Structure formats: C-alpha cells, structure tokens
Amino acid sequence: MTQEELSKRYHPAEFEQRWYHFWEDEGFFTPVVDREIPNFSIVIPPPNVTGRLHIGHALVNSLQDILVRWKRMSGFNTLWLPGTDHAGIATQMVVERELAKEGISRLELGRDEFVARVWSWKEDHKNQIKDQLVRMGVSCDWSRERFTLDDGLSRAVRHVFVRLYEEGLIYRDVAMVNWCPRCRTAISDIEVEYREVTGRLYHIDYPVTGSDVRLTVATTRPETMLGDTAVAVHPGDERYRHLIGQTVELPLAGRRIPIIGDSVLVDPEFGTGVVKVTPAHDRNDYESGIRNELPRLQVIDEAGRMTPEAGATFEGLDRTEARALVLERLENEGFLRATHDHIHAVGFCGKCDAVVEPMVSRQWFVRIAPLAEPAVELVRNGTITIVPQSWESTYFNWMENIHDWCISRQLWWGHRIPAFYCECGGVVVSEQEPASCPQCGSGTLVQDSDVLDTWFSSALWPFSTMGWPEQTEDFRVFYPTDTLITGFDILFFWVARMIMMGVRFTGKAPFSTVFLNGLVRDEHGQKMSKSKGNVIDPLDVIDEFGADAVRFTLAILATGRDIPLARNRMQGYSAFANKIWNASRFALMHIDVELRDASPIERDELEAVERWILSRLNRTTADVNRALASFRFDEAANTIYHFFWHELCDWYIEFAKPVLLARHGDAHDRRRAKRVLLEVLDRSLRLLHPFMPFITEEIWQKLKGAHPSVMVAPYPIEHEILDDPEAERMIAVIQQMITTIRNLRAERGFAPKDRFRLFLQIANDRERRFFENAGYLLIEQARLDEVVFNEPPPAGAHRDLIAGIELAVEFPHKEVSPEQGEKVRREIEQIGRELASVTGRLENDEFVRKAPPAVVDQARQRKVELIARLEKLQQNL
RNA sequence: AGGCUCUUAGCUCAGUUGGUUAGAGCGCCACCUUGACACGGUGGAGGUCAGCGGUUCGAGCCCGCUAGAGCCUACCA
C-alpha cells in the first residue's frame with residue numbers, strides 16, 4: 001500500500017506558491033482560441049500601476065477568481081484578461097514626488113524627459129501588482145496582460161476620439177469646469193467629492209453709488225468679491241427692485257459694478273436677498289454672467305493664487321491668505337457687517353483632496369446624452385443585468401441626468417489628445433499626426449498639449465484589450481465578455497462609460513452581467529484608513545493565515561454593500577483550512593488511492609450512512625452551483641463550509657471510523673468505506689477548489705486523479721441518482737438520538753467512559769432491521785453498552801420519543817437532581833405551549849379552510865407527534 | 001432637497017416565493033487530550049426580529065407611519 005501522507009501541520013506558505021507556478025507553467029490559465037466551443041471571458045478591473053494592492057483589490061480579485069475557476073472547471077474555455085491602468089494623475093503625482101526628492105520639478109525636466117521617467121518608473125514597478133495577484137492565486141492569463149498605454153490600446157483611444165469628434169460627440173469649448181489647483185488640471189464632475197463642512201457666512205456691505213444706502217450680500221468666499229462684476233437682486237423683490245440699473249461701489253477694489261435683476265440666481269427668501277456675482281469663480285454666477293452679459297474677471301489662477309486682476313494688495317497671495325486679508329480689510333473699513341457659522345458642501349479633489357476651484361477654461365468635452373440613451377436601454381431591456389439589482393435605479397438616475405464629460409487634463413502622463421493646431425487657426429483631429437495643415441498647407445502643426453482623462457481609456461478596456469479596432473481572433477472569440485466584477489464606487493466612473501462606449505463602438509454590450517461588490521470596512525463598519533490604523537494589508541494576512549483563508553473569508557462576506565472584515569474571521573477560516581487538512585490527512589491514512597481505478601461503486605452495495613453522505617454531498621453540490629450561478633458567493637462558501645465541517649467531519653468520518661479501523665464489519669465493508677471516503681473527499685476538494693485553490697491542489701495531488709490538476713478537473717454537478725431521502729431521514733433520526741443521549745449524559749454529569757443500555761421500541765420491521773444494522777453507530781457515537789430492541793425498559797430509565805420511535809436510556813443508580821427535574825419540566829412546558837398553538841390553529845376553521853392542505857396536514861401530524869412525545873416525557877417526572 | 005439602503009443573539013451578519021420550534025461565524029459558560037485536528041470534540045446559555053399600526057387563517061418577510069444609521073446625486077449665495 002503506497003500512501004503519500006500530508007505533513008502533520010497545515011503550513012500554507014510551504015506549498016501555495018509552488019502550485020501557482022505549476023499552474024502557470026502548465027499553461028492552465030491560457031484558453032484556446034476557438035469560437036465553436038463554449039467560452040467564458042472576463043476582464044480585470046485594471047489596478048493603477050502606481051499601486052500596492054489593498055484589501056479591496058483582494059476582494060474583487062478573489063471573487064473573479066472564484067467565478068473563473070468555477071466556470072473553467074465547469075467546462076468553459078475561460079479567459080481572464082489581466083492588466084493595469086496608467087492612472088494619469090496618480091502616477092504623475094508619484095513620479096513628481098520622486099523627482100522632488102532629487103530637487104527637480106517636472107517643468108525643469110521638460111515633457112519628453114518627464115514622460116520617459118514615468119515609463120521607466122512604471123517598468124520598475126509593474127511586477128509589484130502581478131506579484132501580489134499571484135500571491136492571491138488568481139488564474140489570469142498573463143500572456144494577454146495589457147496596459148492602458150500600450151500601443152494597441154492607445155490606437156483604440158485615438159480611433160474612438162476621432163470618430164466621436166467626427167460625429168460631433170466630442171467638442172472643444174470654453175466652459176466652467178472643476179479645477180484642482182494642486183493637481184493643476186481640470187477634473188470631471190464626478191471626480192469632485194462634496195463634503196459638508198462648517199464654514200462661515202460673511203455679510204458684506206456694498207454702498208450704492210451716490211447714496212447712503214448699502215446693500216448687504218452674503219458669501220462664504222469673501223476673497224472672490226475682488227472678482228465681482230455685478231450685484232444681483234430678484235426683479236420682483238419690492239425691497240430692491242428700484243435699485244436695478246444703479247451701481248454699487250465694490251469695497252477694497254474700488255470698482256463700480258451694476259445692480260442687476262436675476263430671477264434665476266436670486267432667491268429673495270434666502271439671506272439678505274442680495275447676491276454678489278463673480279462670473280469667473282462660481283458656477284451659478286457664471287451662468288448669470290452669460291445671461292446678463294457681464295464681464296468675467298479672473299482673480300484666482302491655476303495654482304490657487306490671486307492674479308494681478310485682484311489688485312496689487314492681493315496679487316500672489318494664496319486663496320486662503322487672500323480670504324484672511326480681505327476680511328481684515330473689510331473689517332477695518334467698516335464693510336463687514338456680520339459673520340456667522342454656516343454648514344455647506346465644499347468640493348474636494350477626489351485625487352489629492354485639495355478644495356476644488358470652479359474655473360473658466362477651454363477644454364474638451366464628450367456630449368454624453370446621445371451615448372447614455374442606448375446604455376440605459378441595455379440595462380432596461382435586460383441585455384445587461386446589474387447584481388444586486390438595487391443598483392439599477394442608481395444607474396438610471398445618474399444616466400438620465402448626466403452632464404457632458406470634461407475629458408481633457410492638463411497633465412503630461414496619459415493619452416495625448418489627437419488634435420493638431422496650425423498657426424492659421426486650423427484644427428485637425430486625426431489618429432496620425434498630419435503632415436501639413438489642410439487649410440493653409442503649413443507643415444508646422446502643434447499637437448494639443450493636454451492628455452485624456454484616464455477613464456476615457458478605461459471605458460474601452462473590454463475591447464481595446466482584445467485588439468479592437470482590429471477584428472482579431474481574440475476579439476471575435478472573447479468579446480463581449482460575460483461578467484464584470486467591480487466595486488460599486490466606480491459604477492459611474494467606469495461601468496457606465498464602458499457600457500456607453502461598448503455599445504457605440506462594437507454594437508454590443510461589453511458584458512452581460514455586472515456584479516457590484518461592496519466596500520471592505522473594518523470589523524465595526526468603519527472605512528479603512530491609514531490615519532485610523534485599521535488597514536488590513538492583504539499580504540500581511542496572507543502571510544498570517546494563508547491565501548486560501550483570506551479568499552474564503554472575503555467570499556463569505558461578499559454580500560451587502562459594506563463588508564466588515566475582521567482578522568478573527570480570517571483566523572476562523574484558517575481553522576477551517578486546518579480542518580480540511582486534518583480530515584484529508586486522516587482520509588489519506590486510511591484509503592487506498594489505487595481504489596480509484598476499481599470498478600464504480602455499486603449503489604446497492606452501500607450502507608445507509610454511505611448513501612446518506614453521498615446524498616448530502618449531492619445536495620451540497622446542487623446548492624453550491626446554484627449559489628454561484630446567482631453570484632451568492634457567501635451562500636456557496638457557507639454551504640461547503642457547513643457540509644465539510646459539520647456533516648463530513650463531525651458525522652461521516654466518525655461514523656466511518658469503526659469500519660475503517662476494523663472495529664466493525666469485514667474486509668469487504670472496509671474496502672467499500674474507503675472507496676466512499678475517497679469519492680467524497682475527491683468531490684469535496686473539487687467543490688472547494690475555486691474558493692481555496694492552494695490547499696485543495698496540495699491534497700488533491702495525493703489522490704492521484706486522472707487529471708493533472710484539480711483546477712482542470714470537472715466541477716461536480718448534481719446527480720439525481722445520488723439523492724437518497726430515505727437514508728437522509730434515517731440518519732437524521734440516528735443523529736437526533738445520539739444528540740439526545742449525549743445531552744442527557746452531560747446533564748446528568750456522567751463521564752464519557754460511562755456506558756448505558758438503550759432500549760428502542762420499533763414496531764415497523766423495516767425500521768427495526770435498519771436499526772439492528774446501524775445500531776453500532778449509536779453504540780459508538782452515544783457510547784452505549786448495547787441497543788436492546790422491543791423489550792420493556794427498566795423502571796427509572798429516561799424515556800423519549802424521536803420520529804415515532806420510543807427510546808429509553810437506562811442510567812445506573814443516579815438520582816435525578818432538582819435541576820434535571822426542572823429541565824424536564826421546562827421541556828414539557830415548552831412542548832405544551834407548542835401543542836396549544838398547533839391545536840389552536842387546527843381548531844380555527846379559517847386556517848383549515850384557507851391554508852394549503854400540505855400546511856394543514858403538517859400541523860395535524862405535528863400535533864400527533866407532540867402529544868406522543870409529551871406523554872413519554874411525562875413518564876420521566 | 002431628491003433617490004437608494006439598512007435596523008435580527010454580546011459583536012459582525014444570513015434568513016430564498018409570508019407557513020411548524022428564527023440560523024451562522026466569532027465571543028461566552030461547563031466538561032473532555034477519545035488512534036485527523038485543542039486552529040479540536042461534546043453539551044449549554046443568549047433573540048418581545050428598532051417602535052407603532054394595517055393586510056392575512058398565519059408576518060422577521062407584504063403595506064403605512066415614527067425613531068435612528070449609512071450611502072449616492074444636487075450650483076442654493
């Protein structure tokens with residue numbers, strides 16, 4: 001008998017990476033390219049190249065890998081395409097910081113040199129991401145790894161830009177955009193994070209020209225008054241309407257500006273009913289400026305400093321410094337009338353957290369409504385399903401109120417906008433740099449210096465990664481992809497835009513299902529952050545608990561929008577891995593792997609416990625497949641967990657021990673038990689593999705299966721023939737009896753070595769034969785002397801009724817303590833209450849008439865059982 | 001302001017189309033080193049399912065209201 005044994009203890013670090021390299025070397029991650037076979041494809045949400053992966057990446061990639069491994073084992077030719085995102089602002093900032101350490105600014109370096117530095121930085125760091133994903137065990141096809149700035153993807157970006165431009169869906173215009181003074185670039189609306197802050201509301205007097213009247217305006221941003229070009233009141237406001245057309249003297253600036261009427265801008269009910277108008281620095285004022293043909297005076301520049309237009313006193317000051325000085329001056333000169341606390345929403349840059357400045361500038365935009373409409377339709381008509389479905393309304397809500405998308409960024413790292421300008425004023429938008437200006441023939445064209453929003457290239461990811469716009473084999477076979485798994489936080493940034501671009505350019509939805517996972521938080525639901533010190537680093541916990549335990553934990557928590565992750569959860573599932581290890585170790589000590597090749601197990605030869613465990617496993621298999629098909633990773637993981645630990649380990653292995661250890665049965669029984677155990681272990685490992693790829697491979701290899709790896713073995717599916725409700729029912733009765741006896745033993749303070757006689761009254765011959773046959777299970781598990789059939793139990797034996805079978809346990813010479821008596825009385829009371837409830841229901845005509853017959857029958861049956869049991873228990877008093 | 005979601009055991013959460021006695025993990029208590037496992041085994045304690053009202057023969061689940069929490073969207077000075 002040749003048996004490979006597992007090492008005594010479970011040490012995941014000893015084998016996890018070994019198996020990853022085995023899988024990769026064997027080429028298991030790479031699918032064949034064949035349109036005629038069932039394919040399944042998925043693209044990774046590309047992490048930023050700058051990054052170290054955080055626990056959120058661990059979650060999203062674990063879930064994808066579970067899905068992908070499940071599909072692959074289920075017979076699909078499966079592609080999981082990996083890659084990274086160039087992450088414009090983030091990456092540029094990281095490299096700028098590196099340069100700063102050397103005392104160099106990017107401006108000194110120059111654009112070409114700087115971009116070269118970013119590329120070399122990227123080359124140095126790109127493996128960091130892959131290494132971390134490898135530690136997680138993800139089964140990506142690394143031969144197809146992509147980067148958003150690769151040549152092919154860049155070509156797709158230029159192609160899309162040019163086509164949208166030609167179709168009039170991309171335009172360049174001067175408009176008010178969100179500007180980050182720290183990143184020194186425009187950002188899109190959704191990159192601004194609004195937070196409520198307690199600021200101040202300042203009331204400032206503006207004297208009306210040639211009169212003693214002063215108009216009081218209220219503002220949270222007094223420094224912008226330097227750029228005021230009007231004061232507005234509501235035209236219907238009796239207090240002020242007579243002043244429209246007059247002017248005020250703008251304090252500090254000493255300019256004279258008009259008083260205008262603007263019913264859109266001014267709510268007469270709010271504050272003083274007078275609004276200062278700063279068209280260059282406020283979104284509403286900008287609109288008002290256009291309506292009323294007001295000049296725009298830019299007093300804050302790209303860096304957030306005051307311009308010469310703000311006046312010599314303020315020029316060069318930072319916005320916050322300028323605010324303090326403006327207030328000081330207003331106070332001194334008697335214009336500051338009042339100040340009070342005021343809670344309002346302030347926009348912060350999503351990347352660097354600086355306060356965003358509304359700024360008028362010339363930018364490129366995508367006219368988004370025509371793209372949004374078909375994208376809404378795809379979700380509405382079910383072509384794309386969003387899971388959980390509650391996100392659909394959020395999606396619709398946003399898509400139906402969508403604003404044009406500002407796509408130009410004043411950065412150097414990214415896809416340069418393919419627009420070329422000539423001195424003559426001609427603009428050429430084309431994929432390749434034109435040789436000469438089509439208008440004047442000049443050969444000196446200058447390319448737009450801006451780059452595109454990073455999300456513009458991400459929006460093309462599902463098809464640009466497959467070679468589009470070329471009609472490559474990969475594109476034909478693997479596009480559209482099947483499922484997208486990502487965090488709900490990038491539903492608008494990424495998912496919605498992929499749908500819009502996908503349907504516009506390929507005519508197809510880029511995926512059929514979107515699974516939005518929650519956000520990982522700490523065990524108390526708090527956001528993880530460095531400052532709170534509650535961050536869980538995936539590599540740390542993989543080192544501590546093993547990748548399998550981390551993956552399993554994430555899968556089991558994956559339901560809901562918040563995922564409260566606690567170390568002790570991972571510890572718990574690492575204990576589960578340890579359990580798997582030890583149960584397998586036990587199995588390997590007793591089974592012959594050669595039995596694999598023997599003839600198939602004949603169902604008729606099986607004992608009830610064997611039919612029971614196969615039936616339970618079959619039900620588990622069905623449940624797991626069903627759960628995975630509906631993205632219930634938690635349910636799938638829980639189901640396997642429960643089966644493996646609480647059915648296989650707690651019961652079946654214990655049931656099998658007497659036979660395996662030759663305490664019961666003969667060699668034939670032993671051989672059969674070994675084969676069943678092998679079968680159950682094999683199927684369980686395959687079932688578990690998507691969740692815990694490493695430990696299952698390590699063990700499965702010892703089983704010498706026909707396949708080279710568990711990851712390419714077929715995933716178990718339900719076989720109706722294995723269902724055995726009769727065995728399940730009878731073993732459940734056995735379990736219940738064992739539990740009852742153990743319970744009594746514990747309550748009466750007997751030691752495990754104390755043994756008793758059990759008396760069973762079984763009228764039904766078939767049942768009696770079953771119990772005669774399976775009596776050893778009761779003897780072993782409930783630690784009995786013997787089971788006696790159909791003989792009157794001695795007086796004083798504890799009586800009970802389980803599934804219609806009377807049982808009595810004979811306890812040797814022990815008084816029933818008052819607590820035990822109390823316990824029996826409590827149980828009797830409880831049953832009495834339930835009996836009353838069932839009886840009440842059955843006496844209710846309406847219940848009997850209206851409830852489904854099955855429910856009524858059930859109640860009747862229950863009533864009979866309760867009466868019988870009550871009778872038995874009363875004998876114990 | 002609008003929209004979405006949540007409130008179930010000490011903690012973190014499940015609970016499928018309304019149907020007996022509401023589950024899991026961790027934590028807690030007692031006992032046990034029994035030939036895979038103390039990262040273990042056996043047994044146990046612990047819940048008026050946020051509150052109120054309604055629909056129903058029957059509500060943790062459906063409807064309404066109240067209280068509390070969170071998230072997203074939005075230009076209110």
Side-chain angles (χ1 to χ4, degrees), chain A residues 6 8-10 176 189-190 194 201 217-221 232 265-267 270-278 282-287 342 344-345 347 358 388 390-391 393-394 396-398 401 488-489 491-492 519 523-525 545 549 553 556-557 559-566 568-569 571-590 630 632 634-635 638 641-642 649-650 653-654 657 661 739 742-747 749 751-753 783 830-831 833-834 837-838 841 844-852 854-856 858-859 861-863 866:
Chain A
L6 292 169
K8 187 121 183 125
R9 288 191 68 87
Y10 165 61
M176 177 150 270
D189 292 351
I190 53 175
Y194 288 93
L201 189 63
V217 302
T219 180
T220 54
R221 300 201 55 197
L265 182 67
V266 184
D267 172 6
F270 186 91
T272 57
V274 186
V275 181
K276 63 190 272 309
V277 188
T278 321
D282 181 278
R283 201 171 277 272
N284 294 310
D285 295 3
Y286 174 78
E287 302 294 333
H342 181 66
H344 62 130
S390 58
W391 284 105
S393 54
T394 307
F396 293 137
N397 200 349
W398 189 71
N401 299 293
F488 67 77
D489 51 323
L491 176 61
F492 304 143
L519 246 41
E523 56 203 292
H524 300 294
F545 305 112
T553 309
I556 224 157
L557 293 174
T559 294
R561 59 181 295 159
D562 288 338
I563 296 169
L565 185 64
N568 68 6
R569 281 309 282 260
Q571 201 171 3
Y573 295 115
S574 140
F576 176 50
N578 184 60
K579 190 77 182 177
I580 295 166
W581 186 263
N582 281 295
S584 304
R585 206 157 69 83
F586 172 83
L588 285 164
M589 284 160 69
H590 295 285
S630 51
R632 289 300 304 263
D634 59 327
E635 216 174 279
N638 256 320
Y641 178 93
H642 183 265
C649 293
D650 288 353
I653 288 181
E654 296 306 324
K657 273 180 183 174
L661 302 173
T739 304
R742 281 172 177 167
N743 183 339
L744 290 167
R745 173 196 294 279
E747 273 169 13
K753 62 178 192 308
R783 296 184 152 269
Q830 202 190 322
I831 289 170
R833 274 197 300 276
E834 201 193 328
S837 144
V838 167
R841 224 174 311 147
N844 182 340
D845 274 354
E846 287 197 286
F847 171 73
V848 177
R849 213 169 55 238
K850 292 183 182 170
V855 173
V856 178
Q858 215 171 23
Q861 215 174 315
R862 183 71 186 154
K863 185 180 173 183
L866 288 169

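Quick caveat: nothing in here was measured; it's all calculated off a predicted structure. By convention in this document, chain letters (A, B, ...) are assigned in the order of the sequence lines, proteins followed by strands, and residues within each chain are numbered from 1. Just so you know, these numbers use all the heavy atoms, side chains as well, and skip hydrogens, waters and symmetry mates.
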Choosing from [options], which nucleotide comes nearest the side chain of [X]?
X        : options             : result
A:Pro564 : B:U73, B:G35, B:C13 : B:C13
A:Asp650 : B:U56, B:U42, B:G3  : B:U42
A:Glu654 : B:A36, B:A24, B:G43 : B:A36
A:Phe847 : B:G19, B:A36, B:C39 : B:G19

Does the side chain of A:Leu661 reach to within under 4.5 Å of the side chain of A:His590, using non-hydrogen atoms?
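They are in side-chain contact.
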
Measure the shortest side-chain to side-chain distance between A:Tyr10 and A:Arg585 over non-hydrogen atoms and say whether it is less than 4.5 angstrom.
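Contact flag for A:Tyr10/A:Arg585 side chains = no.
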
Would the base of B:C37 count as contacting A:Lys579 through its side chain, where contact means a donor and an acceptor less than 3.5 Å apart?
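Per atom types, the contact qualifies.
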
Between the base of B:A24 and the side chain of A:Glu635, is there any donor-acceptor pair under 3.5 Å?
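Checked by distance alone, the answer is no.
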
Checking A:Thr553 side chain against A:Ala549 main chain: does a donor-acceptor pair fall under 3.5 Å?
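Between the backbone of A:Ala549 and the side chain of A:Thr553 there is a qualifying donor-acceptor contact (under 3.5 Å).
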
Give A:Thr219 one of three labels, base, sugar-phosphate or nothing, depending on what nucleic acid heavy atoms sit under 4.0 Å from its own.
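The answer is sugar-phosphate, as A:Thr219 gets under 4.0 Å only of primed atoms, P, OP1 or OP2.
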
Show me the dot-bracket string of RNA chain B, counting Watson-Crick or G-U pairs under 3.5 Å, with | for pairs to another strand and [ ] for crossing ones.
(((((((..((((.....[...)))).(((((.......))))).....(((((..]....))))))))))))....

At a cut-off of 3.5 Å, list every protein nitrogen or oxygen paired with a nitrogen or oxygen from nucleotides 25-31 of chain B, distance to 0.1 Å.
| unit_1 | atom_1 | unit_2 | atom_2 | d |
| --- | --- | --- | --- | --- |
| B:G25 | OP1 | A:His646 | NE2 | 3.4 |
| B:C26 | O2' | A:Asn568 | ND2 | 2.9 |

